[in-house]
Each structure stands twice: as C-alpha cells, then as structure tokens.
S.K.: 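Pasting a structure here, questions to come.
A note on names: the letters A, B, ... follow the listed sequences, proteins ahead of strands, and every chain is numbered from 1.
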Amino acid sequence: MISLDGSALAGALADVFGQDVSAATCRCTQCGDVGTVAATVVYATDMGMVARCRACSAILLTLVTAPGGRRWFGMPGIAAVELPG
Amino acid sequence: MSFITRGFGGRRSERDPRLPPGQTLVSDWPVLSAGPTPDVAEADWRFTLRTENGDHHWTADQMRALGMEDITADIHCVTHWTKLEMPWRGVSLDRIFADVDTDHAFAMAHSYGGYTTNIPLDDLLDGRSWIAFEADGEPLDPEHGGPARLLVPHLYFWKSAKWIRGLTTMPRDDPGFWEQNGYHLHGDPWQEERYW
Amino acid sequence: MIRRATAWHVATVADTRRETASARRIELEVPTWPGNEAGAHVDVRLTAPDGYQATRSYSLASSGEGTRVTLAVDEVPTGEVSPFLVHDLRVGDRIEVHGPLGAFFIWTPAAPAAVSRPTQLIAGGSGVVPLFAMAEAHATAGDPSPLRLLVSVRTPEDLFFRRELAALTTADPQFRLDLVYTRAAPAEWPVPAGRLTAERVRDVVADASLRPRVYVCGPTPFVEAMSQWLVADGHAAEAIRTERFGGSR
C-alpha cells in the first residue's frame, strides 16, 4: 500500500478549513512530535484519507467523503492545529 | 455547483443479479489500507478471544487444528466493487467459540497495526464467519491481510479485518475505526448500509 | 509572499500537446485564478452523467500572476482520471480545478537585497513538473542564487519540458541541470544508464555545507530514498521539502 504525504490532503482539507493548511503545524497527541500537515504520512483510498504521524504512526486525522458529498472529518491524534495566518 | 464533464463516463457498471445494489463486478482485487502493512510471520501470529470470563489464545497451528474448511464467498467492498465466488480457506468462528461462554452480544475485532471493527455475535456465528488463512488457493498475501484475516462475507468487506489478532466481546455495539468515521455500524450490502 | 486564496474554479482547456509517449501538456484558462507560487498544485474534479465524481491532484508547471495555468499529466494505465485527461479531454472542454494548493511545497525567489541559500531540486520522473515551475520562476525573477535540478528518468524520451529545460540552461546563468537515465541513456552519454545511487546523488547534488533548500518530488519510494541519502550526507531534515506521488490512480 503506497503512502503519500500531506500534499495529497491539501484540497480536501481546504474544503474543511476554508484555507490551505498544508503548512499548518500540529502536535501528535501520542508522541508529541510537532510537524507540518504536509509532512504527515497519508494513506488515501476510496474508503477515505488517513494522515499518520511520521514519527510514531499514530492516526492524526481522518477524512471520509461519501459519493453525493457527505463528509466526516476527525482529528483523533491532534489536540489543536495552528492555522496559517 | 459541479457540472458534468463532457466525455467522462466514470465507472462502467455491469448489471448482474448476484450484485447487491450499487456494486460493480471487478476481476482484480483492490488493496485499501489505512496504514502500513504489518509484518507478522505466521509462526509469531497469535489470536486472542477475550470475554468477560477470560481469555483464550491460539497460535496459527492451534487454530488450523480446530479444522480448516473450504469457503466460496462473494465479497462486497463499500467502495462499490464486488468479487464473486472467491475461494477461501479458514477456520469457522463457531469452532473458536465452541467452548467459550459470554453474555455479550457484540465483539470488537482487533488487528495488528491497530485497526478495529465491531460485529454482532449473530453475524459471526452460525456459519457466517471465519479466520481465513488462504485466498484464491494461496496463503493470504500480507497486502490482503496475511497471515490471517477475519472473513465475514455477508457484510461489507471493511468488517473482514485484515491482520486479525483477536476478538473482544462487548455488551454494546461500540464503533470500530471506520464506524467512528462515518461508516455504518452494521454494514449489510443488501440493505446498502454504507454510512451513518 | 502573497497569500493566495484557495478556491474551486472553472477551467477551460486552451491548448494541449503531447509531452511524452505517455503524458500530455494541458494549458488551462482560469479567469478567476489568483496566481500561484512555483510548486503549487491543483485538484482536478471530473463529474460523470450519473453524478459520480473523481478528483486527482496535479502539480502546476507554471507560476506567477495571470489566468493561464499549465499541467503535465502522465497517464496511469489503470487510472480513472489520467487516461481521460491524456486521451479524451479536448480544447474547449471545461473542468473544475481546486487551487492553488500546497502552501508548504513552494519556492519563491529571494528578495533582491537578501542573501539567500542555494536551491537543490530533485525530481523522479513526472515529479519534475513542480520543480520545472521553480526553475522557471528562478529564471524569470533573475534570482542570482545558484539553483540545481537533478532529474531521474528512464529514457531521454521520458523527460518532460525537455526543450524548456535546455533553454533555461542557456538563459539562466545560475541554473544547472543534471540528468540521470535509469533505463536507456543517449548515445555517447558519459554515464551508462542505471539506477540512481547514493554516490551519484552525492556527486551532483549541492553539498550540505552550502545549506541548500532542497525540494524532492516523485513517487514515494524515490522520495524516501532521496531523503534518507540526503540526511545521511548531512542535509538537515528541516531543509528538505518533499512531495510524494501515488501509483495507481
């Protein structure tokens, strides 16, 4: 299963946040690593997109899109994101 | 407002009465994962069944010794692809639960790598599910869940947890990973139970 | 750097041309485009008559102000979107694009009076697209800092923007292009075709002591290998920005 990085999430997350958050920083709640959204390890399939911490592999955020447009956004592994100014 | 893209046909749909609603027949076997493929040798694989009354453990050899069966199953992925009449080999959950007592009506499947999915015991027992070691006549490839995965073909295939390492019974139908993230708690393809 | 708003836009295909045997260059006219930095990408969304939608990301080969954007799409044979873009899309067609995206993987020329670090770009195959945009932006700005681009391709026919890259080596005195062929090299090429190795990368890449800003783009295994080698050679992890492509879409 080929992984990508947070660049693959930029568009989908822009639909959630109203802005491009690729350069936003976040802290992993499992290991404390701080990194950019762009640097996360992303698994993207038709099931959904999952971004994992590059340091410890914990799931940071999830994005599921159903055909027809329903969307679910989760941040199980990030306490807060610093939004780019 | 999206508009139709001239000339873009999307996916071909082959109508076949054996397909649940919204499904398309495929001949390959797509791999969909939410994380890296775990690296577990069959010799190191362990399965744990945990109930409120205690734990039961099996190695791969011990599990196979319970009795392997040939299974022919249609599998339906919620992402709309279906494979018909796939050959599998595995051990029925009925044999695994044979000497096990529980008052719980539900179970959470746990996988190497952290994946979880919830299934009612009614959907696991009475010949409805297996711990599968082989698919298409070959040992299960790691990409497809090897050395062993849960096989529950009458539900959408995200319930057939890859890299299965155990089942924990529970009194409530608590949501597993995808179920927390928008997918249906039950997942019956014939009722198109795809999302919340 | 200008902060540019990201939005969905309607793009009209203005021009297409064959880029390589498997790839097509597509020029889009996007009247509402806010401009983009070099390295940005867009999500392209197609809608079928039954409402089914497919969205894929493509890097922009162009940067700057203006309403024209350029993509170079490589066909993934089993893909859903790239075969349509490479074979079926026609001049005059309209598609939806979301962008500009990718605020982290961008390169901007240094401010005129600033002392700036050199830039090292490393491309695997079609990963050259956003890096070509960066090299072109460097030339357009007359940026005086050194910029090197290493491109790994299978054969000379697989190199995107061949002529434009050659033109840049003439037009931009600070631009250096290094090509590595992994399957077949041109006749009389000094180095036989073969896999890119850590040693070869060390030979052509700007030394870590120069503290270059490094950008790596290509398939995930390529990016991972390059990143490991660069860090092993002393480049700081924070100095390396990466963008990974997937395989089968």
Side-chain angles (χ1 to χ4, degrees), chain B residues 1-17 19-39 75-83 113 135-136 141-145 156-158 162 178 181-184 189 192-196, chain C residues 7-14 16 24 26 28-32 42-56 58 71 73 75-99 219-221 223-224 228 244 246-249:
Chain B
M1 258 327 303
S2 292
F3 49 86
I4 294 169
T5 312
R6 184 212 60 82
F8 180 62
R11 294 178 290 198
R12 290 169 296 278
S13 57
E14 292 183 34
R15 293 284 46 183
D16 186 313
L19 299 181
Q23 296 299 107
T24 299
L25 203 55
V26 297
S27 50
D28 61 342
W29 189 4
V31 173
L32 290 86
S33 297
T37 300
D39 182 16
I75 64 174
H76 311 292
C77 183
V78 70
T79 64
H80 299 274
W81 57 263
T82 283
K83 287 180 72 61
D136 284 335
D141 201 89
E143 270 209 315
H144 286 298
Y156 281 121
F157 213 47
W158 89 74
K162 291 187 281 199
W178 285 123
N181 284 293
Y183 286 92
H184 198 279
E192 272 208 282
E193 293 174 345
R194 299 181 191 266
Y195 301 101
W196 289 0
Chain C
W8 281 97
H9 306 269
V10 175
T12 303
V13 181
T16 71
R24 193 190 210 186
I26 299 169
L28 301 172
E29 173 60 35
V30 191
T32 50
V42 291
D43 281 357
V44 171
R45 181 166 69 195
L46 308 177
T47 306
D50 66 357
Y52 171 74
Q53 295 188 311
T55 304
R56 300 292 184 269
Y58 295 102
L71 315 178
V73 177
E75 180 180 7
V76 177
T78 53
E80 259 191 301
V81 171
S82 61
F84 173 79
L85 296 178
V86 171
H87 296 295
D88 301 324
L89 192 70
R90 299 184 207 147
V91 171
D93 281 348
R94 296 182 314 144
I95 55 176
E96 289 184 288
V97 298
H98 191 192
T220 294
V223 170
E224 310 275 277
Q228 276 177 43
R244 294 160 178 78
S248 52
R249 314 190 81 207

S.K.: Within this structure, what is the CG-OG1 distance for the pair C:Leu85 and B:Thr5, rounded to the nearest 0.5 Å?
M.R.: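 The distance works out to 9.5 Å.
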
S.K.: Measuring from atom CZ of B:Phe3 to atom CD1 of C:Ile95, what distance do you get when rounded to the nearest 0.5 angstrom?
M.R.: 8.0 Å

S.K.: Output the distance between atom CD1 (B:Ile4) and atom CD (C:Gln53), rounded to the nearest 0.5 Å.
M.R.: 10.0 Å

S.K.: Which residue out of C:Val10, C:Asp93, C:Leu89 racks up the most heavy-atom pairs below 4.5 Å with chain B?
M.R.: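 Going by pairs under 4.5 Å, I would pick C:Asp93.
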
S.K.: Can you tell me if B:Asp39 has over 12 outside heavy atoms packed within less than 6.0 Å of its CG?
M.R.: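 No, because the 6.0 Å sphere around CG of B:Asp39 holds 12 heavy atoms or fewer from other groups.
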
S.K.: Do the ring planes of B:Phe8 and C:Phe84 sit parallel (below 30°), tilted (30 to 60°) or perpendicular (above 60°)?
M.R.: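 Correct class here is perpendicular.
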
